[in-house]
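In this text, all values refer to a predicted model and were calculated from it rather than measured experimentally. Numbering of residues begins at 1 and proceeds along the displayed sequence. We count ligands from 1, going down the list as the structure has it; atoms in each ligand are counted the same way.
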Amino acid sequence: MKKLRKETLCVQAGYEPKNGEPRIVPIIQGSTFKYDSSEEMGKLFDMEKSGYFYSRIQNPTCDNVAAKICALEGGSAAILTSSGQTATFFSIFNICGCGDHVIVSSMIYGGTYNLFHMTMGRMGVEFTFLDPDCSEEELDAAFKPNTKAVFGESVSNPALVVLDIEKFAKAAHKHGVPLIVDNSFPTPLNCRPFEWGADIVVHSTSKYMDGHDSTIGGCVIDSGNFNWDEHADKYPSLTTPDPSYHGVIYTKHFGREGAYISKMTAQIMRDLGAVQSPMNAYILNLGLESLAVRIERHCSNAMKVASFMKDHDKISWVNYPGLEDNKYSNLVKKYMPDGTCGVISFGVKGGRKGAEEFMKHLNVSMICTHAADAHSIILHPASSTHRQLNDEELVASGVTPDLIRICVGIENVNDIIEDIDQALSYI
Ligand SMILES: *Cc1c(COP(=O)(O)O)cnc(C)c1O
């Protein structure tokens, strides 16, 4: 089939209705699937045949939607998960265990930091957090004999740091390990990490992909490029027999393109069961159908809001990766020339008090902790999510007392700007 463009993939990829079937991905809200004979079902358990038997392992609706995201990223296989947190956890846990080590960009989502540092730390996985702007030498020096993966965010939440994907991929490959990239903020519409050497991509589909503040979900996508067999000693769970499936060897049975996701499905999902429900996958798919149109509007609205803020005398600083004078503007031009995302952070005059006053008077942008959906939403961490910290502690955690994060929605941009303007007059 002709290679289709990303806007077309958003609408059509992952599901091809047969004669007389529904045009949209149908919701198969079933737990189990019927077979004519035990032998036939047995073949599924032996992995001799592929098919569905229980929705904790695989479900057709979820598979169709995962296949769409896989096509958008340009990957070889993908799986939906119950949340972005699960996607991140599975992406690491699939190839790491007690005694292993992972290198992580220090500019990541707070939930990911807690997952790695606290929860996976208790499981015996060790993480080294590294400034993503480090030199190649510093990055190189962070590897240990037991390093199994490198992890970073293409555009970090909330700091909006842009990852030099190629620099991280080169270092990872030099040491024979894969690079995993969380691509939730730019989405594959604006950034395709596989084209720059990333091996695995994860998403919180709760953000722009769903885009309507209506479902929590995640996705893990494999590029199919990492050669596990070449580093077989590091990844025995993929390259040696799995006793829970009559000794199947994932890289032999499913090849380089299928091993990583097949093992995640057959073993990690089977045992932990953090599936996305078919109903949620259906809602996610509705979001994906309009993703190309929405992300374009998010970016153009955010650019106008950021430019307005730059010139406003009540605003002391603006951080938006799309701005020409942004620290990461060269990386943006290279990795996401069509735009970044709709998220901006900025500081208002008058510090914490000024920010609190400003927040009180907004009408269009609403106060929420979430990020990245159709509605404009805004957060002042110092008076909400981070309110237990004093000013010094805030600065140390990278969140200044005046910092406000706005996720610019797809409303009319003039309404968003006029609302901000009138609220600023109260400072
Ligand atoms: C929100 C978020 C997550 C976590 O996703 P959930 O769907 O909330 O579990 C992970 N990474 C990034 C970059 C996020 O913004």
K.L.:
Please list the nearest protein heavy atom to atom 7 (O) of ligand 1 with its residue and the distance rounded to 0.1 Å.
P.N.:
Ser206 OG, 2.6 Å
K.L.:
Show which atoms of ligand 1 fall inside a sub-4.0 Å distance from at least one heavy-atom site of Gly84.
P.N.:
5 (O), 6 (P), 7 (O), 9 (O)
K.L.:
Which of the atoms in ligand 1, numbered in the order shown and given with their element, are less than 4.0 Å from a heavy-atom of Gly217?
P.N.:
7 (O)
K.L.:
Table please: side-chain donor-acceptor pairs of residues 369-378 below 3.5 Å, with sequence neighbours left out.
P.N.:
{"residue": "His370", "atom": "NE2", "partner": "Ser206", "partner atom": "O", "Å": "3.3"}
{"residue": "Asp373", "atom": "OD1", "partner": "His375", "partner atom": "N", "Å": "2.9"}
{"residue": "Asp373", "atom": "OD1", "partner": "His375", "partner atom": "ND1", "Å": "2.4"}
{"residue": "Ser376", "atom": "OG", "partner": "Gly409", "partner atom": "N", "Å": "2.8"}
{"residue": "Ser376", "atom": "OG", "partner": "Glu411", "partner atom": "OE1", "Å": "2.8"}

K.L.:
Assess whether a salt bridge exists between Lys6 and Asp338, defined as any Lys/Arg side-chain N lying under 4.0 Å from an Asp/Glu carboxylate O.
P.N.:
yes
K.L.:
Within a reach of under 6.0 Å around CE of Met123, are more than 12 heavy atoms found that belong to other residues, nucleotides or ligands?
P.N.:
yes
K.L.:
Out of His203, Met209, Lys207, whose heavy atom is nearest to atom 2 (C) of ligand 1?
P.N.:
Lys207
K.L.:
List for me each residue that meets side chain to side chain contact (heavy atoms under 4.5 Å, CB included) alongside Pro158, sequence neighbours excluded, and say none if there are none.
P.N.:
Arg405
K.L.:
Looking at ligand 1, does any of its N/O atoms fall within less than 3.5 Å of an N/O of Ser204?
P.N.:
yes
K.L.:
Is there at least one pair of N or O atoms, one from Glu153 and one from ligand 1, spaced under 3.5 Å apart?
P.N.:
no
K.L.:
Less than 4.0 angstrom from a charged side-chain N to a carboxylate O is my criterion; do Lys174 and Asp140 meet it?
P.N.:
yes
K.L.:
Among all protein non-hydrogen atoms, which one is nearest to atom 11 (N) of ligand 1, and what is the separation to 0.1 Å?
P.N.:
Asp182 OD2, 2.6 Å
K.L.:
Quick one: does Asn183's side chain get under 4.5 Å of Pro193's, heavy atoms only?
P.N.:
yes
